[in-house]
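Letters go in sequence order (proteins before strands), and every chain restarts at 1.
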2 protein chains.
Amino acid sequence: MKEPGEAGPESPRVRIKDVAVAAGVSTATVSLAYNNKGEVAAATRKKVLAVGEGLGYQPNPSGRALRTGQTRILGVLVSYRDSPVWQETYLPYYRGIISDAAIEAMDHGYSVVAASPKPGNLAESIAQLDGAIVVDPLDNDAIVDHCAARGIPLVADGGFVGGRRADKQMVVRGDVERYVHDILDLTAQQHHTRTGRPLGSAALFTGSIIDRYTADTEAAFSSWCAANAVDARVTALEPGGAVTEVARRILATDRPEAVYCLNESYSGAIISAARALELGIPDDVLLSSAATSEQAIRDPRVNYVESADAEGPGRRAVRLLVNYLESAVQEDATVAFRLRPAVAPTPLR
Amino acid sequence: MKEPGEAGPESPRVRIKDVAVAAGVSTATVSLAYNNKGEVAAATRKKVLAVGEGLGYQPNPSGRALRTGQTRILGVLVSYRDSPVWQETYLPYYRGIISDAAIEAMDHGYSVVAASPKPGNLAESIAQLDGAIVVDPLDNDAIVDHCAARGIPLVADGGFVGGRRADKQMVVRGDVERYVHDILDLTAQQHHTRTGRPLGSAALFTGSIIDRYTADTEAAFSSWCAANAVDARVTALEPGGAVTEVARRILATDRPEAVYCLNESYSGAIISAARALELGIPDDVLLSSAATSEQAIRDPRVNYVESADAEGPGRRAVRLLVNYLESAVQEDATVAFRLRPAVAPTPLR
DNA sequence: ATGAAAGCGCTAACAG
DNA sequence: CTGTTAGCGCTTTCAT
């Protein structure tokens, strides 16, 4: 095993003491200078920094963390769910959050560790965190409890089931009700333009309701349909269920005039199923979908609702966290979404 | 600022000493027990572990890291490139690598930090790493140098430009030449089946050659075209260039019989451009593409080449790293790719 | 304004 | 087999 002091022949790791000696000051002064703290003569600080630079000094994060109790590491966490559904729905979204969070965090001098702890691994696998982002927490989420027990500030992306939350906990989420209603308004209007008749039926392709986002989507869908006298059909993909199977069933059995999908995995499946059933989009069925992963290729025949700018939930969540950590302001955020209507009503060739 | 000992009223942080006292042994014994090291009586170990469990003891990673010099943190790093091209091409791939690496790392007791350091941020922003995965390193990559200077083991995903590498450096990459040749063989065969004539021209939609993957793809494309007497047209998206613009140019100006794209962003642009130009896929132009992001929706009219199993480069890279860290075996890996031929030669409706 | 020294939590020599 | 002890690199009183 490698010894503490030894970092390989490549680089005689330079410590704070080396800088102190080289600059002719004490380690305390070096520390003060590097952290812009206490009263250090401007000239001294300048010299110390110059010497440190010259030596390639890099404060050791472990030493600092041990002393201060802060790691400047944020966790992006999502409960691991051992099902194909998880892969289809959470993973793509999770991926986007991670990279967005990583990029935003860096601008504030933080790092991001990504983890999807299986039940057993939980504690062992998470480094000491200054804060955490939990993606679509479940009801009674083990990760949330874990963080709460350790006093780790946390932002729930998507919100908490039932809205319950403890101290040091924040929320970032889209205004689900508003945009679901907006996209259904758009759909109804498209249907009317095409057929001259009001929309009569709509289907929701959703997952099992285990998180706030799913619950909110279904509630918004149902309330809109009720308010607009549209026949509402909700079909949930059960854990272990096959996406293509459900898509086919929705189209073949229900024959709705419009379908709204929780994410692009589902709308992708609908697209395939429509082709198999020789149903035209949007001629035979209007298709709309939430766009949860920035990367998925958009189908121009589909109405999407997507995060309105580069300012997606991942970045927003990090800023909430950093703000809390550095200024003790604890607040929630709503991220803006916008409609991206279908642009190619003409069939793809 | 929070004091070291204090972790909030929620949890009186339990240290190794607490466990030692409660178990009636010394801290050394607790440490040994927890790390399965040295000679500890089985009964003692069992008792210590039980007591620790009861108290909710969780070894402090900072303390451990300070002492051992190891953090059990791996970095997934990619040079930040401040251009739209970066967003289109590297970011999606980077995202996939991060989440794959995070999941694999956890199974080995490591965490993954994701960072895309801008030139200035470099050193400041990266935690102390036990190892690093650098995604498609540039020639003379700053991150690679940074790690080399600190003796941090590293795996280059995609390989090094020019193949040059230092000690402690490993490589994971796809067998680019083979699969590019395979997909072009397939394309030629499809063309022959459709038209009865041999393929006469093919275009490559690529990026500026700055990394190994891009260089290898272009080399393989060119060599195949030369060997098969196919007219080769290579068009690179320059930094700052518009993807849609290039796609249109390739189709409108070159009018190739087939196009191969470096990633799905490019093939997505070709699909849109084809629609705008009223060119049918595959009727007027055969389209093939590398599938670099697992999440992108596949167009059934396109031939893809994709990572052959869940065992993608992210997971493989982590295993290489862990293997080196724990067993000092330094080896490279090749990840398998497979063809996913177009499944719907009939037009989408 | 600066330095000396204590100690964060842990592991690894070394004694016993 | 187990305990004592010395520090890993850093920050932070407390003197000076």
(request) Using whole Å, report how far CD of Gln58(B) lies from C1' of dG9(C). (result) 13 Å
(message) Would you say Asn60(A) places a side-chain N or O within less than 4.0 Å of OP1 or OP2 belonging to dC8(D)?
(response) no
(message) With a 4.0 Å cutoff (strictly under), does any side-chain N or O of Thr27(B) reach OP1 or OP2 of dG9(C)?
(response) no
(message) If you apply the rule side-chain contact (heavy atoms from CB on, under 4.5 Å), what do you find for Val113(B) with Leu74(B), and how did you get there?
(response) CA-CA 6 Å; Val113(B) 332; Leu74(B) 309 177; over 6 Å; no
(request) State which of dG3(C), dC8(C), dT4(D) makes the closest approach to the side chain of Val25(A). (result) dG3(C)
(message) From CD of Glu39(A) over to C1' of dA15(D), roughly how many Å is that when rounded to an integer?
(response) 16 Å
(request) To the nearest Å, give me how far apart CG (Leu32(A)) and P (dC10(D)) are. (result) 14 Å
(request) Could you tell me whether Asp100(A) and Arg95(B) make a salt bridge, using a distance below 4.0 angstrom between a side-chain N and a carboxylate O? (result) yes
(request) Rounded off to whole Å, could you give me the NZ-to-P distance for the Lys17(A) and dT11(D) pair? (result) 16 Å
(request) Check whether any side-chain N or O of Thr29(B) sits under 4.0 Å from OP1 or OP2 of dG3(D), and answer yes or no. (result) yes
(message) If you only use heavy atoms from C-beta on, which nucleotide in dT11(C), dG9(C), dA5(C) is closest to the side chain of Arg64(B)?
(response) dT11(C)
(message) Over all strands shown, is Ser62(A) touching base, sugar-phosphate only, or nothing at heavy-atom distances under 4.0 angstrom?
(response) nothing
(message) Assess whether a salt bridge exists between Asp332(A) and Arg165(A), defined as any Lys/Arg side-chain N lying under 4.0 Å from an Asp/Glu carboxylate O.
(response) yes
(request) Nearest whole angstrom, please: distance from the P of dG9(D) to the CZ of Arg13(A). (result) 9 Å
(request) Answer yes or no: does a side-chain N or O of Lys37(B) lie under 4.0 Å from OP1 or OP2 of dA12(C)? (result) yes
(message) Over all strands shown, is Ala41(B) touching base, sugar-phosphate only, or nothing at heavy-atom distances under 4.0 angstrom?
(response) sugar-phosphate
(request) Choose from dG3(C), dT11(D), dC10(C) the nucleotide whose nearest atom is closest to any side-chain atom of Arg15(B). (result) dC10(C)
(message) Other residues, nucleotides and ligands only: do more than 12 of their heavy atoms fall within 6.0 Å of CD on Glu53(B)?
(response) no
(request) Using atom OH of Tyr34(B) as one end and atom C1' of dC10(C) as the other, report the distance to the nearest whole Å. (result) 14 Å
(request) Using a heavy-atom cut-off of under 4.0 Å over every strand shown, decide if Tyr57(A) touches base, sugar-phosphate, or nothing. (result) sugar-phosphate
(message) Name the residue from Gln128(A), Arg67(A), Gln70(A) that meets the side-chain hydrogen bond (donor to acceptor under 3.5 Å, both in side chains) definition with Ser62(B).
(response) Gln128(A)
(message) Of the options dT2(D), dC10(C), dG3(D), whose atoms approach the side-chain atoms of Pro59(B) most closely?
(response) dC10(C)
(request) Take atom CG of Asn36(A) and atom P of dT12(D), then tell me their distance rounded to the nearest Å. (result) 13 Å
(message) By nearest atom, which of the nucleotides dT4(D), dG9(D), dG3(C) is closest to the Leu66(A) side chain?
(response) dG9(D)
(request) State which of dC8(C), dT2(D), dT11(C) makes the closest approach to the side chain of Arg67(A). (result) dC8(C)
(request) Report yes or no: is the cationic atom of Arg72(B) (NZ for Lys, CZ for Arg) under 6.0 Å from the centre of the six-membered ring of Tyr110(B), at an angle within 45° of the ring normal? (result) yes
(request) Output the single nucleotide from dA12(C), dG9(C), dT2(D) whose closest atom is nearest the side chain of Ala28(B). (result) dA12(C)
(request) Measure from CG on Asn35(B) to P on dG9(C) and round the result to the nearest Å. (result) 17 Å
